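Order of appearance sets the numbers: ligands from 1, and atoms from 1 within every ligand. For the numbers below, each heavy atom of this structure counts, side chains included, while hydrogens, waters and symmetry mates do not. Because the structure is a prediction, the values reported are computed rather than measured.
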Amino acid sequence: DACFATVGLDLRHNSVTVVPQGAGMCDLFHGEWVHDSSGPAYTNATCRFIETPQNCMSNGRPDDGYLYWKWKPYGCEVPPFESKTFLEDMRGKHWALVGDSILRNHVQSLLCLLSKVEDPTEVYHDKTYQSRRWHFPSYNFTLSLVWAPFLVKADVFEDENGFSSAEPRLTFDVLDANWISQWTTFDYVIISTGQWFFKKAVYLEKGAVIGCHFCQDKSLREVSIDYSFRRALREAFRFITTSAHRPVVFYRTWSPSHFEGGEWFSGGRCDRKAPFKPREAGDRALDNLMWRVERAEFAKAAADDGGERRRLRLLDTYEMSLQRPDAHAGPYRAYQPFAKGADAGKVQNDCLHWCLPGPIEAWNDIIMQMLGED
Ligand SMILES: *[C@@H]1O[C@H](CO)[C@@H](O)[C@H](O)[C@H]1NC(C)=O
Ligand SMILES: *[C@@H]1O[C@H](CO)[C@@H](O)[C@H](O)[C@H]1NC(C)=O
């Protein structure tokens, strides 16, 4: 495991992700992508829940090699998600996916898998469709998407086109009411956060500004991204471990982007056509830093949680996601980006979100496997 030797093997052993497999133990999160001819679990033609920015098929992505890979942990297999079994086991339950747009990406995958059994009804959405809820009537199963990109309270001054009139203001010691207010209704929670912490932001604590990230124009103390990430996670985990209501919580680890030759705003692209082999992804100092922070905070939270088995779960998908530079939407975040008349030089790439179908299905396969351990 030389590749990850520098990022804390102690934490890997602390995690609650190992499952007995015959004589040995298998870490579901350590492995590689192998060729698989069976193809995706659904397509753009069979699922109505794929939103345009993730709908690489409908948007005209010409290659389909990215659909023929399967996550293969060393030492075991992860069988495909079983929608009917899942719904039967979760009768009457409420699942919530809490976090940023990667959770939105994830909920679409889950909806596509589950809607093969029953078409759900949307029963709620907020004004901007960032928070939504669906109900599967035959199973009385509820699935919520809860927008809370920083997990802590954040005032964001950004319009629908992503134009911001001022930097976000985060309050470290107050959690985002969007998820806290519904907490007692959740039976299972998938929670995560991510790249929003890279943005310029002002930070407050106990009602006062304590610093800022990336604000050279202000005479404020610089707050590092790993500090703010850690601080927000700690606050979220403190709530999760001390709340009287105790749903099963999956913390999903860092979902890396794969921009090459620039960032999203400076011509960065992700044109690779195959997964990375283990170690091929390179050092990734920043991604590794965030991954290290979240695993350390998770380990502390799990230790504080009173030892209840399988209550706090680490959905440690970082490594498998890191190996998929080929599966982001890239230019196919938009319909026919290279159609005649389009300005090919101006096409923006999304190398953060994932094509659907795509590698997120493997996250769901693993969740199914982890539920089976109960
Ligand atoms: C699905 O994508 C294919 C191209 O991969 C396209 O021809 C077809 O029209 C799309 N179907 C729907 C329902 O969008
Ligand atoms: C459906 O599930 C909810 C909990 O999610 C529960 O409160 C309600 O009583 C259930 N309804 C039926 C008809 O079983």
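Counting non-hydrogen atoms of neighbouring residues, nucleotides and ligands closer than 6.0 angstrom, the CZ atom of Arg230 exceeds 12 such neighbours.
For an aromatic pair to be called close, the ring centres must be under 6.0 Å apart, and Phe239 with Trp179 satisfies this. The distance between the ring centers of Trp363 and Phe29 does not fall below 6.0 angstrom.
Sorted by chain then number, the residues whose non-hydrogen atoms approach ligand 2 to under 4.0 Å are Gly92, Asn140.
The backbone N or O of Thr317 sits less than 3.5 Å from a side-chain atom of Thr253, completing a donor-acceptor pair. Within the 3.5 Å criterion, the main-chain N or O of Gln130 finds a donor-acceptor partner in the side chain of Asp126.
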Checklist entry - When you look at Asp316 and Trp291, which way does the side chain to side chain donor-acceptor pair (under 3.5 Å) test go after all the steps? => result CA-CA 9 Å; Asp316 195 5; Trp291 186 38; 2.8 Å; yes
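Taking a cut-off of under 4.0 Å to the non-hydrogen atoms of Ser58, the atoms of ligand 1 that pass are 1 (C), 2 (O), 10 (C), 12 (C), 14 (O).
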